[in-house]
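Throughout, protein chains are lettered first and strands after them, A, B, ... in sequence-line order, and every chain is numbered starting at 1.
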Number of protein chains: 4
Amino acid sequence: MSDGPATSLRKPRADAVRNRERVLEAAKGVFSAGGPDASLEAVARRAGVGIGTLYRHFPTREALFEAVYRREVEQLGELSEQLKNEPQPVEALRQWLRSTVEFVATKKGMTAALALAAHGKTSELTAFSSERLTKAIDALLTRAVAAGEIRADVSPEDLLRALIGMCYLHDQPGWQQSVIRLLDVFIDGLRMRGDAPPPPGGKNGSSEEAR
Amino acid sequence: MSDGPATSLRKPRADAVRNRERVLEAAKGVFSAGGPDASLEAVARRAGVGIGTLYRHFPTREALFEAVYRREVEQLGELSEQLKNEPQPVEALRQWLRSTVEFVATKKGMTAALALAAHGKTSELTAFSSERLTKAIDALLTRAVAAGEIRADVSPEDLLRALIGMCYLHDQPGWQQSVIRLLDVFIDGLRMRGDAPPPPGGKNGSSEEAR
Amino acid sequence: MSDGPATSLRKPRADAVRNRERVLEAAKGVFSAGGPDASLEAVARRAGVGIGTLYRHFPTREALFEAVYRREVEQLGELSEQLKNEPQPVEALRQWLRSTVEFVATKKGMTAALALAAHGKTSELTAFSSERLTKAIDALLTRAVAAGEIRADVSPEDLLRALIGMCYLHDQPGWQQSVIRLLDVFIDGLRMRGDAPPPPGGKNGSSEEAR
Amino acid sequence: MSDGPATSLRKPRADAVRNRERVLEAAKGVFSAGGPDASLEAVARRAGVGIGTLYRHFPTREALFEAVYRREVEQLGELSEQLKNEPQPVEALRQWLRSTVEFVATKKGMTAALALAAHGKTSELTAFSSERLTKAIDALLTRAVAAGEIRADVSPEDLLRALIGMCYLHDQPGWQQSVIRLLDVFIDGLRMRGDAPPPPGGKNGSSEEAR
DNA sequence: GATGAATGAGTCTTCATTCAT
DNA sequence: GATGAATGAAGACTCATTCAT
């Protein structure tokens with residue numbers, strides 16, 4: 001009893017918590033399917049709550065979006081932390097990229113999140129996610145570069161962009177395998193190979209102006 | 001009376017032709033900016049015609065979309081034909097990819113077209129464009145593979161997908177340079193190098209199931 | 001058991017009283033600013049209580065309105081009582097009128113009250129206030145008429161109406177001075193002047209059909 | 001043929017004109033009854049047109065309001081012009097005031113118009129009407145003052161304010177007669193009488209600061 | 001008694017689509 | 001053929017009111 005209802009201000013009321021959760025879950029699904037402009041009433045309907053309840057919990061579309069968004073981004077950020085301990089830097093990077101694809105594949109709501117990250121709709125939210133995801137990639141990328149395993153002329157921003165773009169097509173049949181294949185090719189392109197210096201003419205366009 | 005009430009083959013009437021063209025042009029711009037769901041009234045307004053006129057020429061949104069779409073896709077198809085005569089297969093491929101990026105960059109309406117191609121909204125239309133663009137890539141890809149310059153385990157579909165995805169981010173500052181860099185890395189990944197066989201474990205996920 | 005479950009006569013419970021008072025105060029302000037249709041949630045917020053608490057004390061919008069209303073009207077009624085002792089009947093009347101203006105000016109909530117009195121929204125409430133205010137004016141008016149200082153062909157209802165109407169414009173800059181001027185002119189119009197009989201044609205329109 | 005359809009741009013289309021008129025008429029009634037915040041859907045319903053039609057003709061609530069408003073104000077302005085030719089200045093003024101009351105009484109939509117003029121909701125519109133109505137009164141007032149028939153210390157603004165205020169109560173039974181009586185008293189108060197100087201102390205509040 | 005969560009009806013507003021001129 | 005008016009469905013958002021805690 002000593003640590004009773006010592007939460008923020010008052011009882012968090014059971015049903016309120018449940019409803020909030022339901023709305024988030026529904027929003028994840030609806031945004032995932034219909035994009036960031038999907039109907040909020042559809043979200044409420046799917047969550048089995050009144051539209052008013054949705055608005056009480058998330059007073060604006062952005063607020064709801066952000067709530068859905070952040071948790072997804074956080075998870076990917078945390079995954080990056082874990083993968084830093086993997087022995088093989090390149091494989092760790094590959095793993096993170098694949099996991100992100102998986103994330104999208106399992107409809108965890110990443111689609112909308114990524115779409116938002118892509119087009120800078122709400123700058124504040126985008127800032128957060130861009131930073132978080134960029135950091136996640138950077139951690140793994142830097143390590144692989146430091147190990148001399150991949151070349152240094154691709155920024156984490158570029159890589160994130162490529163990843164998001166590829167996942168953009170997440171509603172075609174077989175997209176997931178396709179993206180995994182493409183990522184592998186991409187990683188191959190990033191690889192340093194001791195015997196052969198990077199092909200002279202080929203990659204100039206990039207290396208010259210990589211920052 | 002002999003040619004009665006202007007059947008579909010008689011008198012294309014000058015202003016009708018002009019209006020049709022105007023609507024197409026306007027639609028390109030509007031879809032480009034606002035996506036495939038942009039307001040048709042906005043299109044009519046921009047074209048300087050009444051909304052009724054728009055509907056007369058294009059009875060459905062899809063019809064209009066298709067009309068806009070086809071011409072863009074055609075152009076990219078034709079570019080592919082021309083590039084087949086380039087001496088360097090890989091460079092021809094790179095050129096086509098870059099040109100497509102350029103296409104998007106110059107707001108030639110490709111954005112909406114690609115978006116549509118991406119998500120299979122109107123299957124008929126998608127079929128056409130997928131086929132056309134896939135063919136365009138295939139022509140260049142096959143040639144490079146045949147020349148032994150790039151590996152064979154990436155399908156034109158995959159490549160198209162990657163390209164479209166990367167262009168998806170076309171509203172971020174600097175996206176164009178970024179995409180060009182990424183494409184170069186990608187092409188590097190595709191390159192055959194006599195000295196080093198493709199990394200053993202790395203690309204398995206793809207090579208095993210590439211069709 | 002004698003004082004069992006707090007019947008309406010037992011224990012007014014300190015916080016309940018305080019909350020009731022707060023709500024009334026808040027309602028005065030909110031109605032004053034936003035009119036009789038202002039948001040009840042705004043009232044609760046301003047009072048610093050939950051919306052449920054507001055509803056417990058005042059189960060309907062009308063109940064709240066009435067509670068706010070009565071106290072204001074009461075005060076003006078009491079003022080009238082006091083002014084009956086003034087030596088100069090006309091000045092007493094003028095004073096009451098000016099005080100009412102002042103009342104409105106100091107945002108004592110009279111605005112909404114008057115508005116309500118004006119348009120017969122809730123007939124019961126209107127009845128009360130009309131009666132009370134009419135009486136207040138009547139007391140002063142009758143006395144001045146009895147003293148032979150003002151003419152008898154204007155009813156307290158008319159006067160009340162004029163007063164309310166003039167105060168209606170209470171949100172224009174300088175309205176207060178304007179109303180005071182107008183009231184003075186009005187009182188001038190009411191004055192009996194031994195030397196000059198009421199202008200023959202002028203006020204007939206009214207005196208003839210006054211009921 | 002020479003002067004054929006030389007109207008603004010094209011055919012004003014019969015039904016469009018009719019609908020516009022219907023909407024205006026309906027709006028007059030609805031605003032009159034429910035104030036300037038009345039439901040626009042109610043207006044459309046009453047006009048027997050779709051809500052979309054209402055919006056086509058009047059894209060904003062203000063636009064509709066203005067359309068209703070201006071025509072009423074214009075009429076009162078014109079009435080003032082005519083009355084300037086009346087031989088008796090004071091009677092001309094009285095007549096205008098009474099006509100305005102009549103106007104409100106016959107629900108010509110003035111209610112909402114006046115309410116708007118009163119509270120400065122849309123400054124541009126208010127500016128127009130204030131100016132127009134003030135001018136209307138001024139023309140008559142100045143003339144009566146110049147004729148030495150009424151005193152000079154009441155501005156047209158004050159008078160307009162009093163008039164609007166009194167009409168504010170237009171929904172009480174018998175209000176019209178009441179207002180007419182009050183206006184007569186008021187005019188009496190304005191009258192100059194050679195024999196008796198304005199009561200010494202009484203009206204100072206006003207005369208001192210009249211501009 | 002106090003609180004604030006839940007609900008849904010009601011408005012505004014936009015647009016796709018149909019049709020009269 | 002061109003035009004733009006008419007229509008209503010749909011979605012965002014607000015708030016009064018009820019009720020669980």
Roughly, in whole Å, what's the span from [atom1] in [X] to [atom2] in [N]?
| X | N | atom1 | atom2 | result |
| --- | --- | --- | --- | --- |
| A:Asp15 | F:dC19 | CG | P | 14 Å |
| B:Phe58 | E:dA16 | CZ | C1' | 17 Å |
| C:Asp37 | E:dT11 | CG | C1' | 14 Å |
| A:Leu54 | E:dG8 | CG | P | 13 Å |
| A:Arg18 | F:dA20 | CZ | C1' | 11 Å |
| B:Arg56 | F:dG1 | CZ | P | 6 Å |
| C:Leu64 | F:dC15 | CG | P | 17 Å |
| B:Tyr55 | E:dA16 | OH | P | 6 Å |

Kindly say if [X] contacts the phosphate of [N], meaning a side-chain N or O under 4.0 Å from OP1 or OP2.
| X | N | value |
| --- | --- | --- |
| D:Arg61 | E:dC12 | yes |
| D:Thr53 | F:dT7 | yes |
| C:His57 | E:dA2 | yes |
| D:Asn19 | F:dA6 | yes |

Just jot down the salt bridge (Lys or Arg N to Asp or Glu O under 4.0 Å) partners of [X], sequence neighbours excluded, or say none.
| X | result |
| --- | --- |
| D:Arg71 | D:Glu21 |
| D:Arg70 | D:Glu66 |
| A:Glu41 | none |
| D:Glu25 | D:Lys28 |

Assign each of C:Gly48 and A:Ile51 the nucleotide of DNA chain E bearing its closest heavy atom; nearer the 5' end lies the nucleotide of C:Gly48

All stems that DNA chain F takes part in, i.e. 3 or more consecutive Watson-Crick or G-U pairs with distances under 3.5 Å, are E:2-21 with F:2-21

Minimum heavy-atom distance [X]-[Y], with the two atoms named:
| X | Y | answer |
| --- | --- | --- |
| B:Ser129 | B:Val73 | CB-CG2, 4.0 Å |
| B:Val30 | B:Ala38 | CG1-CB, 3.5 Å |
| B:Leu54 | B:Ala44 | CD1-N, 3.8 Å |

Result for 5'-nearest mapping on DNA chain F, choosing between C:Pro59 and D:Arg20, is D:Arg20

Strand contacts (DNA chain E) in residues 38-46 of chain D, 4.0 angstrom heavy-atom criterion
D:Ala38, D:Ser39, D:Leu40, D:Glu41

Hey, what do you get for OH (B:Tyr55) to CG (B:Leu64), rounding to the nearest 0.5 Å?
9.5 Å

C:Arg45 CZ to C:Leu40 CG distance, which is reported to the nearest 0.5 Å
11.0 Å

